[in-house]
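Reckoned from all heavy atoms, side chains included, excluding hydrogens, waters and symmetry mates.
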Amino acid sequence: MKAKISWLSILALSAMLVGCAEEETKDNSVEQATTPSEETTTSEEQVHNHDHDHNHSHDEDSKDIYAGYFDDEQVKDRELSDWAGDWQSVYPYLQDGTLDEVFEHKAEHDDTKTAEDFKAYYEIGYKTSTDRIVIEGNNVTFYDNGHAHMGEFVYDGYEILTYEKGNRGVRFIYKHTGNEEGVPGYIQFSDHIISPQKSVHFHLYWGDDRAALLDEVENWPTYYPASMDGHTIAHEMMAH
């Protein structure tokens, strides 16, 4: 009888030891499974923080470039497709008073000029009879007083200009390859962008004398997408 009890005790003890071993194995498996997950989370946080820092730095660089502060080596050639689309002049919106809120906004942030001063300045800058420009492929069509004049243009390099305030700008230049009447010999884009990127608005200079155009800093007809209404354009201007 004692022998039977002894064997039963041994069997019971063995079962308890096996059970403990299995529980320990399960605990280790769970721990090993959660550790890589924790490492992945840390890695994702690091990537997010890196992206945030990179984006912040990129935004600061974009603001500096927009304001006209950049290095020569940052300037890159651009294709005419950067300005592809149907564009409208903002001059009619100045004339009908839609842009008055823009000039008032500027005056609120400048103690030296009134809203009327700003309007007079932009009256000269925006003035043009070319109220629409359409750019498709290498063709540029000018709509002037209801008449359309289309010509083909090829890239003719860029020029970096330094202004009186110390900031700079880039003119991306295209040359007319044909002899169509009503089409200028050269067009020069300025849009606060200095490398390949789709433009959201631009100032355009045009004429037959490439060098003389570079000296023009008072009249800069400005164009926004034809799909935008005047109030949207005004708010876009105030955002900058």
Side-chain angles (χ1 to χ4, degrees), residues 62 64-92 94 120-226 237 240:
S62 297
D64 288 342
I65 290 172
Y66 189 91
Y69 299 98
F70 52 83
D71 297 323
D72 287 2
E73 56 268 24
Q74 291 179 274
V75 182
K76 307 297 180 184
D77 293 318
R78 296 171 69 185
E79 296 184 1
L80 193 56
S81 57
D82 277 0
W83 299 277
D86 192 343
W87 304 87
Q88 62 177 320
S89 166
V90 300
Y91 186 53
L94 180 145
Y121 171 75
Y122 282 95
E123 165 72 31
I124 298 172
Y126 289 158
K127 189 173 184 178
T128 182
S129 59
T130 302
D131 57 6
R132 182 186 177 199
I133 292 177
V134 176
I135 301 174
E136 297 177 302
N138 293 324
N139 295 321
V140 180
T141 304
F142 299 83
Y143 291 84
D144 195 329
N145 292 320
H147 300 286
H149 305 278
M150 184 179 73
E152 184 177 351
F153 287 81
V154 295
Y155 186 55
D156 196 45
Y158 62 79
E159 299 287 347
I160 300 175
L161 307 181
T162 300
Y163 305 124
E164 289 183 3
K165 293 181 179 180
N167 60 329
R168 305 194 298 166
V170 182
R171 300 272 187 93
F172 292 93
I173 305 170
Y174 289 82
K175 182 179 181 179
H176 180 206
T177 62
N179 56 4
E180 295 88 353
E181 292 186 8
V183 179
Y186 294 90
I187 54 176
Q188 301 182 355
F189 292 90
S190 176
D191 59 1
H192 314 284
I193 300 172
I194 64 174
S195 58
Q197 183 179 332
K198 179 64 178 174
S199 186
V200 293
H201 80 269
F202 59 86
H203 311 292
L204 191 66
Y205 307 78
W206 62 83
D208 295 327
D209 189 325
R210 187 184 193 277
L213 281 178
L214 296 174
D215 293 330
E216 176 58 77
V217 293
E218 294 184 354
N219 177 233
W220 16 267
T222 301
Y223 296 84
Y224 275 76
M237 289 178 173
H240 294 91

Can you tell me how far [atom2] of [Y] sits from [atom1] of [X], rounded to the nearest 0.5 angstrom?
| X | Y | atom1 | atom2 | answer |
| --- | --- | --- | --- | --- |
| Asp131 | Trp87 | CG | CH2 | 15.5 Å |
| Tyr143 | Met150 | OH | CE | 9.0 Å |
| Tyr158 | Ile173 | OH | CD1 | 11.0 Å |
| Asp64 | Asn167 | CG | CG | 11.5 Å |
| Asp71 | Ile65 | CG | CD1 | 9.0 Å |
| Asp191 | Lys198 | CG | NZ | 10.5 Å |

Working for side chain to side chain donor-acceptor pair (under 3.5 Å), residues Ser129 and Asp144: CA-CA 6 Å; Ser129 59; Asp144 195 329; 2.8 Å; yes

Tell me, do [X] and [Y] make a side-chain contact under 4.5 Å, heavy atoms counted?
| X | Y | result |
| --- | --- | --- |
| Thr222 | Tyr122 | no |
| Ile133 | Val140 | yes |
| Glu79 | Tyr155 | no |

Aromatic plane relationship, His203 with His201 - under 30° parallel, 30 to 60° tilted, over 60° perpendicular: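 Judged by the thresholds at 30° and 60°, the geometry between His201 and His203 is perpendicular.
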
Aromatic plane relationship, Tyr174 with Trp83 - under 30° parallel, 30 to 60° tilted, over 60° perpendicular: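 Taking Tyr174 first and then Trp83, their aromatic rings stand perpendicular (interplane angle over 60°).
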
Sub-3.5 Å donor-acceptor pair from the side chain of [X] to the main-chain atoms of [Y], do we have one?
| X | Y | result |
| --- | --- | --- |
| Glu152 | Asn139 | no |
| Asn219 | Gly125 | yes |
| Arg78 | Gln197 | yes |
| Lys76 | Glu73 | yes |

Results of side-chain contact (heavy atoms from CB on, under 4.5 Å) for Leu213 - residues two or more places apart only: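 Listed in chain order: Tyr186, Gln188, Tyr205.
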
Taking atom [atom1] as the centre, does [X] end up with more than 12 heavy-atom neighbours from other residues, nucleotides or ligands that are less than 6.0 angstrom away?
| X | atom1 | result |
| --- | --- | --- |
| Asp77 | CG | yes |
| Glu123 | CD | yes |
| Glu180 | CD | yes |

Val217 and Glu164: CA distance, side-chain angles, deciding distance, side-chain contact (heavy atoms from CB on, under 4.5 Å) verdict: CA-CA 11 Å; Val217 293; Glu164 289 183 3; over 6 Å; no

Candidate pair Thr130 and Trp206, rule side-chain contact (heavy atoms from CB on, under 4.5 Å), full reasoning: CA-CA 11 Å; Thr130 302; Trp206 62 83; 3.5 Å; yes

Test side-chain contact (heavy atoms from CB on, under 4.5 Å) applied to Glu159 and Arg210, step by step: CA-CA 11 Å; Glu159 299 287 347; Arg210 187 184 193 277; 3.0 Å; yes

His149 ring center near Phe142 ring center (under 6.0 Å):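 Aromatic pair excluded; centres sit 6.0 Å or further apart.
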
Trp220 and Phe202 aromatic centres sub-6.0 Å: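 Distance test on ring centres: not under 6.0 Å, no.
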
Nearest heavy-atom neighbours spanning Arg171 and Ser190: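 Heavy atoms of Arg171 and Ser190 come nearest at CD-CB, 4.4 Å.
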
side-chain contact (heavy atoms from CB on, under 4.5 Å) assessment of Phe172 paired with Ile193: CA-CA 10 Å; Phe172 292 93; Ile193 300 172; over 6 Å; no

